[in-house]
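One-based numbering, in listed order, for ligands and for the atoms of each.
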Amino acid sequence: MGLDVQALREEFPILQRQIDGHPLVYLDNAATTQKPQCVIDAITHYYSHYNANVHRGAHRLADEATKAFEAARDTIAGFINAAQREEVIWTTGTTEAINLVSHGLAHILEPGDEIIATQLEHHANLVTWQQACKASGASFKLAPITETGELDLAAFEALLNSNTKFVAFPHASNALGTLNPIKALTAKAKAVGAWVLVDGAQGIAHERVDVQDIGCDFYAFSAHKIYGPMGMGVLWGREELLRDWPVWQTGGEMISTVTYTSAEWNVLPYRLEAGTPNVGGAIAFGRAVQWYQQLNVAEVHAHEQALLASCTEQLSTLEGLTIHGTAPNKVAVVSFTMNEGHPADIGFLLDRQAIAIRTGHHCAEPLMAHLGVPGTARASFAAYNTLSEVDALAQALGKVKMMLA
Ligand code: PMP
């Protein structure tokens, strides 16, 4: 039967918005997805009915908040097939999750050790490792990409050696859409004994994620890219690593006992969660994942791939338009430039036609430099986008071309 996209759209109040009298066409989902009513309700309900600090309170509200907060952790653990709920660490997003790991790594690595990342990285999965290398004296290497925007697997493998202590790569590229063979990459890195982190920011809402099956050590993702709230994310890590991972933020909650001169750390997951958490955010994140899980994920996948195929096909017919990232395996992201104008002009002129895309370097400045472009215009799709929205984009780009010519 396929995904009932119209029914899905009705769950998203923002999709009913008009821009200058035209229906909003929201194609900036790689930046952030919109939120269904049930997620918005989960936040409102928390703040209107049981807002309280968690774990410490001796009253009804604190008890309810704690239960819902920890139940959300169970939901996420189940969603990614974590072996233990304690492996799910709340963070403010992918960026903070990666920082938690890189901060620890800076204390663990030594001169002579090597970290490998890729030319595809978002700054969050790049600058973090540069810093860890600077702090520890380890060296930093980058696996190159091919013309199509895919990782050069032979070159990746050639970089691996007994000094490789840590390997990081994105599940999917936010700038090009390339979907990486994360299980195979992980296996290669594990074969030389390295720890592996997958930046799942662009994978979590499009691909089935089973962290045990992937075989990685860390998987980081943000709630706001999978229909959940902003300011919320998860670091999943294997228990035997997280148990002893250097603590990074200290303060309340992450301790077991404290004296005026010293402290002992709490057990997982709390030892890596200092301070009052974003309780409402965690609960709403859990709700978003439950909502997503009740969709038929195979249907969502097929629908998004149909959007990608249609967009790629239609945009390819526009003369002077170049699509950057032509890997056979992609998430529904189409990044492009036009001979007629700068990406910022394209974005502006599409906005005038009620079409929201993203333009610029997509927090992947080195990748843009590698491609030899100042930035790109990027259309990115979610489950609620329609084929007619893709048509609208293609038609609008035809107009943009004329306006800029
Ligand atoms: N990595 C990738 C591939 C991303 O697309 C993003 C978000 N654009 C991030 C990391 C950072 O995510 P956040 O800003 O939610 O922390």
- Indicate yes or no for a side-chain donor-acceptor contact from N51 to the backbone of Y46 under 3.5 Å, with no hydrogens or angles considered. no
- Message: Would you say T66 and E70 are linked by a side-chain donor-acceptor pair, where the criterion is simply a distance under 3.5 Å?
- Response: no
- Message: Could you tell me, atom by atom, which parts of ligand 1 come under 4.0 Å of a heavy atom of S222?
- Response: 12 (O), 13 (P), 15 (O), 16 (O)
- Contact check, H224 vs ligand 1, heavy-atom distance below 4.0 Å: yes
- Item | Six-ring centre of F285, R287 cation under 6.0 angstrom, axis tolerance 45° | no
- Nearest non-hydrogen atom to atom 2 (C) of ligand 1 belongs to which of T94, N174, D199, T128? D199
- Message: Taking 4.0 angstrom as the limit and counting only heavy atoms of A201, give me the atoms of ligand 1 inside it, by number and element.
- Response: 1 (N), 2 (C), 4 (C), 6 (C), 9 (C), 10 (C)
- Message: A side-chain contact here means heavy atoms from C-beta on lying under 4.5 Å apart; do H122 and H362 qualify?
- Response: no
- Message: I'd like the name of whichever of N125, V333, L126, T95 reaches closest to atom 16 (O) of ligand 1 through any heavy atom.
- Response: T95
- Item | Identified ring pair (Phe, Tyr, Trp, His ring centres under 6.0 Å) counterpart of H361 within the set H324, H123, H370 | H123
- Message: List ligand 1 atoms under 4.0 Å from K225, heavy atoms only on the residue side.
- Response: 5 (O), 6 (C), 7 (C), 8 (N)
- Task: Just do the side chain to side chain donor-acceptor pair (under 3.5 Å) check on E121 and T118 with the steps written out, would you?
- Result: CA-CA 6 Å; E121 304 312 334; T118 77; 2.7 Å; yes
- Please work out which of H122, Q202, M232 has its closest non-hydrogen atom nearest to atom 6 (C) of ligand 1. H122
